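Just below is one structure, and these are the notes that go with it.
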Protein chains: 2
Amino acid sequence: MPRAGLSRKALTETALAIIDEGGPRAFDNLTLAAVAAKHGVSTPSLYKHVGSLADLRRDVALESVRAFTRALSRATVGRAGADAVVSLAEGMRAFAEGTPARYLAAQHAGDPDEPADAAIIEASAETFEVTTSALRGYDFTPDRAIDAIRVFRSAIHGFVLLELEGGFGLPRDLDISFDALVIMLVRGLEELARD
Amino acid sequence: MPRAGLSRKALTETALAIIDEGGPRAFDNLTLAAVAAKHGVSTPSLYKHVGSLADLRRDVALESVRAFTRALSRATVGRAGADAVVSLAEGMRAFAEGTPARYLAAQHAGDPDEPADAAIIEASAETFEVTTSALRGYDFTPDRAIDAIRVFRSAIHGFVLLELEGGFGLPRDLDISFDALVIMLVRGLEELARD
DNA sequence: GCATCTCGGCTAATGCCATTAGCTTTACGG
DNA sequence: CCGTAAAGCTAATGGCATTAGCCGAGATGC
C-alpha cells in the first residue's frame, strides 16, 4: 500500500476543487467523505492532516476570503471615485458568479470568540481594507465611511445572493437591474460624503 | 399505548417552534429527530404525516413566506411613496430580527421546475405583490418597476443577512447605517422613476 | 355489542456521514 | 540495517434519514 501523499494543503485544494464544481451551496454540503474519495483514500485517513470537517472548512473559507480579496484588489487597482466603486461592484459580482461556493464561503465571517477563526478574521480585515481603499476618494468622516462600506456591501451582497439562489423570478435582464443598483450606489455614496 | 395525535399541521408548527428557538441557521439545521423528540415520538412515526424532511421543510418555508408577507402587508398598509418604502424596509428588518430562521426560510424561493414547490412560489408571488404595491406611487415603467424591486430587495436583504450572520464587525451603530441605506434607497427609487 | 379494517404508532434494519481507537507498514534518520 | 514517528488502514460508535413490516386502537358496518 503506497502512500497517498496527503497533506493539509492538498486536502484544502481538493476541497476547493470540489466546491468549485458544485453549486452555491457546495460549501455547506462539503463532506470529508467526498474529499477522501477524490484522493482514493479512506475517510479516517484525513484525520492525520485535519482535525475535523469544521477545521477543513475553516481552511477552505480562509482561502476563499483571500481569493476574494485578490479579485477585488485586482479590480480596483489604479481606480478611484465612481470608477472604483463600479469596478468593485462588478468585481464582487463576477467573483460570485465565477466561483459561487467560494463567494459564500468567504462571507461566513468567522466567530470573534473562536480562536481557530482568527486567521479568517484577519483575512477578512484585508478585504475590508481593499474596499475602504476603493472608497478613499470620497472624503468620508470615519463614521460615515463605515456606513458607506456597509451600505455598499449590503447592496451588492444582497443582489449577488438573490441572483445565485435564483431569487429573481422575472425575465427582466439582470445586468440592467445590476447597473441600476450600481448607479444608485454611486450617487448614494456621493450624497453620504456630503454630510 | 395512547395515540400522540400527530398531524401534518402539528408537525409543521412544532418545526416552526424549533427554528424560532434556534439561530438564523436553524432552518438549515432542522431535523426530523428534533421534531419527533418534541412530540415524544419515534422519528419514523413522522413519516405517517410527512413524506420526508424536505417535505416538512417545504411546509415550514411556505408558512414562513406567508408570515413574511403578512408582516410586510401590515407594515405598509395605508402608506405610500417614501413613507411606504421606509416602512417596508423596517418591516423586513424587524421580521428578520424577530424570527431570523423564518426570514431565511422564506428566501429560499423554491425551484420552478419542482412541482412540490408550486405553493411556495405562489406565496412568494404574493410577497412580491405587496412590495410592488408599496412602490405604486412612483410611476415606474413596467421594466423599471422590476429593477426598482430588485434593487430594493437586494439592498435590504444584504444588510439584514450580514447583520444576522455577524458580518458587520465594527462597533458603529447598526441603526444609523441602516438609516443611511434606507435614505439612499428612497432617493435612488425617485431617481429611477425619472427615466 | 361485535367483527373488521384502516391507520397511526412502534421496532428493526440499512445506509451515509463524522469521528475515535488501535493496528500496520512505510520511509527516513541514525 | 534498524528503530521510530507518521501515514494509511480497518473496525467500531453514534447521529441522522429513510424503508419495511408489525400490532394495537378506534372508527365503522352489521
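Convention: sequence-line order gives letters A, B, ...; per-chain numbering from 1. Note that the coordinates shown come from a computational prediction; the quantities given were computed from them, not determined experimentally.
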Closest to side chain of S45(A), choosing from dA18(C), dT18(D), dC9(D):
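Minimum distance to the S45(A) side chain belongs to dC9(D).
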What's the closest nucleotide to the side chain of P44(A) if the choices are dT19(C), dT18(D), dC10(C)?
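For P44(A), the side-chain atoms sit closest to dT19(C).
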Given dC9(D), is OP1 or OP2 found less than 4.0 Å from the side-chain N or O atoms of S42(A)?
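S42(A) to dC9(D) OP1/OP2: side-chain N or O found under 4.0 Å.
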Do the side chains of H108(B) and D28(B) get nearer than 4.5 Å, heavy atoms only?
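Yes; the side chains approach each other to less than 4.5 Å.
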Think R150(B) forms a cation-pi with F159(A), using NZ or CZ under 6.0 Å from the six-ring centre and within 45 degrees of its axis?
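Negative - R150(B) is either too far from the ring of F159(A) or too far off its axis.
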Does NZ or CZ of R102(A) come closer than 6.0 Å to the centre of the six-membered ring of F68(A), within 45° of the ring's axis?
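Cation-pi check for R102(A) and F68(A): fails.
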Taking only heavy atoms on the protein side, list every residue of residues 48-64 of chain A lying under 4.0 Å from any atom of DNA chain C, sorted numerically.
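Result for residues 48-64 of chain A: S52(A), L53(A), sorted by number.
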Residues from residues 16-36 of chain A sitting under 4.0 Å of DNA chain C, heavy atoms only?
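DNA chain C contact set from residues 16-36 of chain A: T31(A), L32(A), A33(A).
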For the pair made of [atom1] in [X] and [atom2] in [N], what is the distance, rounded to whole Å?
| X | N | atom1 | atom2 | result |
| --- | --- | --- | --- | --- |
| L46(B) | dT19(D) | CG | P | 13 Å |
| Y47(B) | dA13(C) | OH | C1' | 14 Å |
| R3(A) | dA27(C) | CZ | P | 6 Å |

Should we say atom CD of E97(B) is surrounded by more than 12 heavy atoms from elsewhere, each under 6.0 Å from it?
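Yes, enclosed.
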Would you say D117(A)'s side chain and D111(A)'s backbone share a donor-acceptor pair under 3.5 angstrom?
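Yes; at least one donor-acceptor contact below 3.5 Å.
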Give me the atom names and distance for the closest heavy-atom approach of A15(A) to V60(A).
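In this case the closest contact between A15(A) and V60(A) is CB-CG2, 3.6 Å.
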Residues R93(B) and E90(B) bridged, charged N to O under 4.0 Å:
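Salt bridge absent between R93(B) and E90(B).
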Salt bridge present between R194(A) and E191(A) (N-O < 4.0 angstrom):
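Yes, charged N to carboxylate O under 4.0 Å.
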